[in-house]
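Please read the structure below before turning to the comments.
Remember, predicted model here, so these are calculated numbers, not experimental data. Labels below follow one simple rule: chain letters A, B, ... track the order of the sequence lines, proteins then strands, and each chain is numbered from 1.
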Number of protein chains: 2
Amino acid sequence: MTTLRDVARAAGVSAATASRALSAPDSVSPAKRQRVEDAVADLGYQPNRSAQALASGRHQHFGLVLPDLANPSFAAIAKGVQEGARRDGYAVLVADTDEDPRAERAMVRDLQPSVEGLILCSPRMTDDEIRECADSGPVVLVNREVDELASVTFDSGSGVSQALRHLRALGHKSVAYVGGPAASWSDAQRRLALADASDIEVSDVGPHRPLYQGGVAAADLALATGSTAILCYNDLLALGVSSRLRARGLSIPTDVSVVGFDDISAATYVEPQLTTVAIPLTRAGQEATSLLSQVRAGTAEHQQLRLPVDLVVRDSSGPAPIS
Amino acid sequence: MTTLRDVARAAGVSAATASRALSAPDSVSPAKRQRVEDAVADLGYQPNRSAQALASGRHQHFGLVLPDLANPSFAAIAKGVQEGARRDGYAVLVADTDEDPRAERAMVRDLQPSVEGLILCSPRMTDDEIRECADSGPVVLVNREVDELASVTFDSGSGVSQALRHLRALGHKSVAYVGGPAASWSDAQRRLALADASDIEVSDVGPHRPLYQGGVAAADLALATGSTAILCYNDLLALGVSSRLRARGLSIPTDVSVVGFDDISAATYVEPQLTTVAIPLTRAGQEATSLLSQVRAGTAEHQQLRLPVDLVVRDSSGPAPIS
DNA sequence: TTGAAAGCGCTAACAT
DNA sequence: ATGTTAGCGCTTTCAA
């Protein structure tokens, strides 16, 4: 184990100078800086991160807490967080809560002491719990808004409107909404926008686990509403719905139109390709890290970023059947 | 910031006793232990991880380096690593290399000083580079084997054999192989098994990025070989191949059979559902953490775990067309 | 610009 | 079982 003292000794300078040569090169004479750099290379010196962290109070770690890494939407956000963090010189501690709010709370507590800031992705906790978390350290929310806290969200309202206008233009007069987790903020957002819809009848099919199997289960409920179109909380659900519908002998979009949310890549793997509201997941992850840096700097106490979303029309939506 | 000294003072004990009360409760009298626990609760004490790490040399962090978080196979492995690590009381630093071997090398170097061990998932580096990494700290490989290093892999050979037997039984006499990244160890393994095939003619369609688009591009090449079946390096590729084939007016499995590798969930979202070799991805992640613990303990220097795989027959494979 | 010195908060001998 | 003590390796005042 070669330490900074070894480097300093080899370079014939003090430990302090060696430290400075590495962290603030301009505050050291070129000659000594060079000697230090050479010594570092010679000895293959690797700074001890724990010691740096302890002495400086900075560990260059961000934490990311999300409900499910295997969910492509969250994976995409995680990827964005990665990129952003790396760009800013941070490493990312990832915690997967398996959609469990209790585990979420616990993991936040575990993580918080070892990171400089936390990104909570689609947290399932209550607002109050989230506020508690934010009291213990810098926090940025993704896909959720809580008063006074920094967050990156998506304009779900606009997404719902775009989807509804699209369906209305195709002649649909009724749409069933297959909801996501009851505790989901973005699901609530979507319901809000749905409630505003005046020119189309909306039937709520209730909450579902935001997974393919949930969609399979929801399909029959949605169909029973007599709606000619089905809007889903996310693509996984929409994929499940489509599959079950086809299994029941219905044709998409001839008999019923299906629209999802997220635009995960699997949306284009299926036949017919899924019409969906595209959400800039990866970008959200990147923005979240930038925001987190700002929150730490006190520059963006409670900035709420709302990213635009876009309806991507593919083949799963078509004219309403002539009744 | 409340420190252990504060807790000790509040509990009327020394810092050492407070420390012990928390890390080795049995080495402290029940009375004092209780007082310490109360003080911790009262003051809301959170240990400083950096200080613990510096003093003890253990930071309770594992590192996970993988090519692409957005790839469902790697996400599944990451999820397993998460679970395993958490079970063992470790947090996980994740680094996404974006399939870039250079980035991979750099990230390993960055990460290594801040973790107690590294899990390298499908590394794209050369064997020698990997050995270098292993010289700087405990390392476990996933989906790759290097002499003398601990690893968790899948029995690709058996997977290929199972797929080939299946196709052979269906009357296929020729199969095209759509390969993965040229630098991929598991791709090489599959090619090895393919070379052993005696009762079926194998055409190699060359390496491809292991993504849906790669499959779309590969489909025409595969078809041009005149094979009646196509085996793909992974499901993403198989999905892309299937899609392109359908677009060209071919029917699966009537005209051509398609078999993938991995059994990602999207394999069941599509029509026809994909016949594929199921790989215990999440389990591999868990096993990797266990192995890493053992490697650290010196208990499993170079254990090489090879997990069994299973052909899952669905609807994308069928009898060879009558020529 | 440089070095000496004082910790950061904790753990781990060691002595009791 | 408990307290005392001495660091872990680094950063960062403070003086020079």
Side-chain angles (χ1 to χ4, degrees), chain A residues 1-40 43-61 89 91 110-116 136-137 296, chain B residues 1-40 43-61 89 91 110 112-116 136-137:
Chain A
M1 170 93 300
T2 143
T3 78
L4 189 60
R5 305 183 73 85
D6 300 327
V7 172
R9 194 173 310 122
V13 301
S14 71
T17 299
S19 174
R20 281 187 286 250
L22 297 176
S23 59
D26 294 327
S27 67
V28 151
S29 75
K32 303 210 169 185
R33 186 194 319 156
Q34 190 57 53
R35 303 218 312 265
V36 170
E37 278 164 9
D38 290 350
V40 165
L43 307 176
Y45 166 73
Q46 295 263 71
N48 178 319
R49 307 309 221 86
S50 307
Q52 289 184 312
L54 177 57
S56 67
R58 291 173 255 113
H59 11 40
Q60 307 289 63
H61 286 4
D110 281 6
L111 235 44
Q112 216 149 23
S114 11
V115 302
E116 274 167 66
S136 323
R296 279 184 34 74
Chain B
M1 172 92 300
T2 141
T3 77
L4 188 62
R5 306 184 72 86
D6 300 328
V7 171
R9 195 174 310 123
V13 300
S14 71
T17 299
S19 173
R20 282 187 285 249
L22 298 176
S23 59
D26 294 328
S27 67
V28 151
S29 75
K32 302 211 166 181
R33 186 194 321 155
Q34 190 57 51
R35 301 216 315 264
V36 170
E37 277 163 9
D38 290 350
V40 165
L43 307 176
Y45 167 73
Q46 296 264 70
N48 179 320
R49 306 309 221 85
S50 308
Q52 289 184 312
L54 177 57
S56 67
R58 290 173 255 112
H59 10 40
Q60 308 286 68
H61 285 4
D110 282 7
Q112 216 149 24
S114 7
V115 302
E116 272 167 68
S136 321

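- A close approach under 4.0 Å does occur between a side-chain nitrogen or oxygen of Lys32(A) and OP1 or OP2 of dT2(C).
- Position along DNA chain D of the nearest nucleotide to Thr17(B) versus Arg49(A) favours Thr17(B) as the more 5'-ward residue.
- A salt bridge links Arg9(A) with Asp6(A): at least one charged nitrogen is closer than 4.0 Å to a carboxylate oxygen.
- One finds the CZ atom of Arg296(A) at 4.0 Å from the CD atom of Glu116(A) (value rounded to the nearest 0.5 Å).
- Of all heavy-atom pairs spanning Pro113(A) and Gln46(B), the tightest one is CG-NE2, 4.0 Å.
- The side-chain hydrogen bond (donor to acceptor under 3.5 Å, both in side chains) pairs that include a residue from residues 12-24 of chain A are Ser14(A)-Thr17(A), where partners are two or more places apart or lie in different chains.
- When every heavy atom of Leu43(B) is checked against every heavy atom of Thr2(B), the shortest pair comes out as O-CG2, 3.6 Å.
- Axis angle between the ends of the helix from dT1(C)-dA16(D) to dT16(C)-dA1(D), five pairs each and rounded to 10 degrees, works out to 30°.
- Applying the side-chain hydrogen bond (donor to acceptor under 3.5 Å, both in side chains) test to Asn48(A) and every residue at least two apart in sequence or in another chain returns nothing.
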Please set out all donor-acceptor pairs under 3.5 angstrom arising from side-chain atoms of residues 49-58 of chain B, sequence neighbours excluded.
from	atom 1	to	atom 2	distance (Å)
Ser56(B)	OG	Gln52(B)	O	2.6
Ser56(B)	OG	Arg58(B)	N	3.2
Ser56(B)	OG	Arg58(B)	O	3.4

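- Between the CZ atom in Arg33(B) and the CG atom in Leu22(B) there is a gap of 11.0 Å [rounded to 0.5 Å].
- Listed here is the closest heavy atom pair of Gln112(B) and Gly137(B): NE2-N, 3.6 Å.
- Atom pair Arg58(B):CZ and dT11(C):C1' shows a separation of 9 Å (rounding to whole Å applied).
- Boundaries of the chain A contact region on DNA chain D are dG9(D) to dT13(D), first to last in 5' to 3' order (nucleotide atom under 4.0 Å from a heavy atom).
- Proximity of Ser114(A) to His61(B): side-chain heavy atoms (C-beta onward) are separated by under 4.5 Å at one or more points.
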Could you write out each protein N or O paired with an N or O of nucleotides 4-9 of chain C at a distance under 3.5 Å?
from	atom 1	to	atom 2	distance (Å)
dC8(C)	O2	Ala55(A)	N	3.4

